[in-house]
Amino acid sequence: MILSASFGSFPRPDFLREYQIKRYGKQKRVDDAMREGDIEVLKRGVRAVVEDQTGLDIITDGQLIWDDFLASVATDFDGVEMGGLIRFYDNNAYYRKPIIRGEIRSRGGWIREQVKILREVNPGMAIKVVIPGPYTLYDLSEDKYYKDKAEGIAAMASALRDEIRGVEADYVQIDEPSLSYNMDKDLFFSVKEDIERLVVEGKKGGRRSILATYFGDLNSCIDELSEIRADYIGVDAVSFDNYEVLAQSGLKNVQLGLVDARNVKMEEEAEVIKRIEGLGSNNIIISTNCGMEFIPREYALKKVDLLSTIANRMGESK
Amino acid sequence: MKRILTTTVVGSHPRSPKVVEAEKRLKEGKIGEEEYDRVVKEATKICIDDQIRAGIDIIADGEQRREDMEVFFAQRLGGFKEGDWVRIWGNNYYRKPIVTGRVEFRGPMTLDDWRFASEYAGNRAEVKQMFTGPYTMADWAFYEAHEDRWDLTLDLAEALAKEAKALDKAGCPYIQIDEPALCTHPQKEEMELQAKALEIITKGLKAKTAMHVCYGDFSLLFPDALDFKIDLIDLEFANSDFRTLDILREYDFTKELGFGVVDVHKREVESVEEIKKNIRRALEFLSPEQVYPKPDCGLKLLPSEELAYRKLKAIGDAVKELREELS
Ligand SMILES: [Zn+2]
């Protein structure tokens with residue numbers, strides 16, 4: 001089956017952007033604040049992005065209240081506080097650096113709440129929940145507590161397992177851009193089991209797990225990624241020559257990012273189809289290479305259409 | 001005798017609240033271009049006087065007209081259109097421009113401001129001019145007509161070469177190309193792209209040329225940047241604890257170096273002693289003629305003009321003492 005999926009983040013509806021700026025100012029954290037009083041506004045926002053994703057087989061809640069990708073879970077952890085702004089890989093976007101000051105523990109539940117809202121707003125569709133992976137979350141944090149990196153990553157992985165335990169999603173996506181952006185192979189092998197256990201937790205209850213990489217060079221990590229037993233490995237096939245590397249690797253279960261969510265230029269439908277077929281696999285989710293928040297809504301909608309058209313076309317020809 | 005430890009700035013000053021207000025009124029149609037221009041010029045004079053009082057040798061106009069270093073040029077070059085909101089962090093958004101056709105130079109964008117600053121400064125200081133470089137302009141915009149980011153970067157370089165030429169022809173002695181995005185992509189080939197772009201821009205100029213880069217992985221820059229067709233490389237040092245010195249030390253550094261000695265993200269003013277100590281670290285392997293002490297980056301984000309002045313004054317004072325000690 002060739003399925004189409006939203007990657008994760010989605011441009012915020014105008015009303016929500018304006019509401020958040022007006023209500024919280026430009027600097028204040030939205031995640032905490034929205035948690036308290038504005039569930040109805042949030043639901044309206046989720047409803048709007050669900051509609052924007054019409055045509056896709058797998059949708060998300062658009063991460064509408066995420067301050068940034070790390071804060072989404074890090075603010076739900078004991079032992080972690082949020083520090084200053086740091087560039088998000090090679091994007092003109094920034095995140096707040098989590099600082100680990102004590103034992104990491106999930107207070108559990110915020111991710112679960114968000115999935116509930118998405119379910120309630122849209123009862124029929126297959127939904128995906130996204131969390132940052134432990135390797136990445138740790139890589140982008142500052143550790144002032146654990147004795148070494150492996151121990152810190154293990155603690156992150158364990159807290160993340162608590163975050164997704166029993167969450168009623170159809171797909172659990174664990175984002176690990178750092179694995180492709182700057183993998184330290186020794187460190188990877190010393191924490192591989194912790195990552196695996198999180199992936200296994202993601203599969204529980206009939207869910208399917210996706211370990212998603214992006215922004216990095218697949219050459220540097222393809223062998224290691226192939227060893228992880230996730231249902232799908234997410235590959236950014238826009239950056240670098242990653243498509244070629246992927247095609248040669250023999251990796252078959254892929255969430256394939258052939259559509260660029262960092263530029264507005266539209267991909268050629270026929271070209272994308274040719275590349276999907278070139279992998280010779282029937283177990284592919286097609287998506288953008290990363291979250292769609294980097295492009296304006298007008299273009300996100302066009303890319304949604306493209307993905308859905310391609311999946312339909314490939315379905316018909318079967 | 002050649003000047004030693006020439007002090008300079010990166011370019012921007014905190015935007016005067018009067019300019020921000022006037023810009024708002026201009027957009028609302030409450031005042032005209034002429035009135036806005038008058039307010040900008042008054043604010044520019046203050047920037048210039050402050051820099052000179054602080055002891056800066058090569059000054060800038062303070063970029064009072066630029067709300068955003070990408071958008072300012074995108075609004076003035078052909079081929080760009082205004083984009084929709086894209087989030088940067090928290091609840092901060094900007095309208096990321098979209099390049100919809102070949103880039104077109106419509107006329108000088110910074111020349112009038114340089115002329116004004118240069119005339120106002122008179123013989124009190126030399127005035128440089130800076131503009132956002134092609135690499136950053138391309139990286140911070142969307143594009144739909146160009147083949148890829150390389151194509152766009154080189155197209156922009158052709159257009160911006162005309163800006164450089166106009167400044168050069170008018171007698172601007174220092175032209176600076178700002179490239180904050182340069183060290184954000186890890187691919188090594190990016191430096192080949194920038195080498196080509198700079199060659200296009202600086203070809204045939206009489207002015208001295210500089211490239212400013214900040215907050216990235218500077219190990220990506222070298223050794224390639226040593227062969228870039230520019231005279232001076234201007235980097236941020238203070239914000240990254242002067243670790244970049246260890247990178248530079250490994251090479252035969254033959255260009256001039258813009259040396260960031262105050263951190264523009266910190267509100268405390270660095271002490272004269274601390275600045276002197278850090279300049280001496282650079283002098284361990286560079287000559288005093290080569291080293292240009294200056295702030296890490298533009299002063300735009302500092303909360304007040306007064307703090308900007310105090311940071312510059314600390315540099316001016318430190319260099320004055322060092323010059324005496326070295327002579
Ligand atoms: Zn800078």
Side-chain angles (χ1 to χ4, degrees), chain A residues 9 11-12 14 16-31 33 63-69 71 84-96 180-182 215-217 220 238-241 260 262-266 291-300 302, chain B residues 68-71 80-101 132 135-152 179-190 214-217 219-220 236 239-240 263 265-266 301:
Chain A
S9 68
R12 294 179 186 180
D14 287 344
L16 189 66
R17 181 187 69 243
E18 281 156 19
Y19 177 86
Q20 288 172 333
I21 293 173
K22 210 167 145 202
R23 180 129 161 75
Y24 307 114
K26 289 196 172 163
Q27 321 298 338
K28 190 165 184 296
R29 280 175 34 194
V30 175
D31 45 4
Q63 304 172 353
L64 301 183
I65 48 170
W66 288 24
D67 239 20
D68 61 61
F69 158 78
L85 288 182
I86 303 282
R87 182 186 291 279
F88 189 55
Y89 300 96
D90 55 351
N91 303 289
N92 189 21
Y94 300 82
Y95 67 90
R96 284 174 305 148
S180 60
Y181 200 83
N182 47 2
F215 302 153
D217 184 349
S220 69
V238 175
S239 310
F240 298 87
D241 294 325
D260 193 354
R262 293 200 284 177
N263 191 22
V264 297
K265 192 173 188 170
M266 292 304 295
M292 289 211 256
E293 213 193 3
F294 296 105
I295 47 176
R297 179 167 171 271
E298 176 194 351
Y299 293 91
K302 285 191 198 170
Chain B
D68 177 283
M69 67 183 289
E70 172 81 16
V71 174
F80 280 82
K81 77 168 187 194
E82 186 179 61
D84 200 356
W85 298 107
V86 176
R87 204 165 70 98
I88 308 183
W89 71 275
N91 283 328
N92 294 268
Y93 295 77
Y94 82 120
R95 286 184 178 274
K96 187 168 174 176
I98 303 174
V99 187
T100 55
T132 308
Y135 187 97
T136 301
M137 283 302 295
D139 198 43
W140 290 357
F142 295 121
Y143 54 91
E144 48 189 20
H146 290 77
E147 185 58 33
D148 50 27
R149 192 160 50 79
W150 278 59
D151 180 24
L152 174 58
E179 293 287 21
L182 184 58
C183 289
T184 58
H185 293 283
Q187 294 91 322
K188 201 61 197 162
E189 308 83 69
E190 302 287 316
C214 49
Y215 315 113
D217 179 359
S219 66
L220 296 168
E236 145 258 321
N239 185 261
S240 47
D263 187 347
H265 290 301
K266 227 173 71 182
L301 291 178

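Quick note on labels: first sequence line is chain A, next is B, and so on, each numbered from 1.
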* Structure fact -> In terms of heavy-atom contacts, A:F294 and B:V86 come closest through O-CG1, 3.5 Å
* **Point-to-point distance, once rounded to the nearest 0.5 Å, from CD of B:E190 to CG of A:D90** => 8.5 Å
* Asked: If you count heavy-atom pairs under 4.5 Å between each of A:A93, A:P11, A:S239 and chain B, which one has the most?
  -> A:A93
* Asked: What are the two closest non-hydrogen atoms of B:Y215 and A:R87, and how far apart are they?
  -> O-NE, 4.4 Å
* Please indicate whether A:R297 has more than 12 foreign heavy atoms, meaning atoms of other residues, nucleotides or ligands, lying under 6.0 Å from its CZ. => no
* To do: Can you tell which part of B:H265 gets under 4.5 Å to a heavy atom of chain A, answering side chain, backbone, both or neither?
  => neither
* Look up atom CZ in A:F88 and atom CH2 in B:W89, then write down how far apart they are to the nearest 0.5 Å. => 15.5 Å
* Distance under 6.0 Å and angle within 45° of the ring axis: does A:R17 meet both against B:Y93? -> yes
* Whether B:K96 side chain and A:P296 backbone form a donor-acceptor pair below 3.5 Å -> no
* **NZ/B:K188: more than 12 non-hydrogen atoms of other groups inside 6.0 Å** => yes
* Test side chain to side chain contact (heavy atoms under 4.5 Å, CB included) applied to B:Y143 and A:V264, step by step -> CA-CA 6 Å; B:Y143 54 91; A:V264 297; over 6 Å; no
* Asked: To the nearest 0.5 Å, what is the distance between CG (B:N91) and CD (A:E18)?
  -> 11.5 Å
* Structural part of A:I295 lying under 4.5 Å from a heavy atom of chain B -> both
* **Verdict with supporting geometry, A:M266 and B:E144, side chain to side chain contact (heavy atoms under 4.5 Å, CB included)** => CA-CA 7 Å; A:M266 292 304 295; B:E144 48 189 20; over 6 Å; no
* From A:N91 CG over to B:T184 OG1, what is the distance, rounded to the nearest 0.5 angstrom? -> 8.5 Å
* Measuring from B:Q187:CD to A:D217:CG, what's the distance to the nearest 0.5 Å? -> 8.0 Å
* To do: Output the distance between atom NE2 (B:H185) and atom OH (A:Y89), rounded to the nearest 0.5 Å.
  => 15.0 Å
* Asked: Would you say A:D241 has more than 12 foreign heavy atoms packed within less than 6.0 Å of its CG?
  -> no
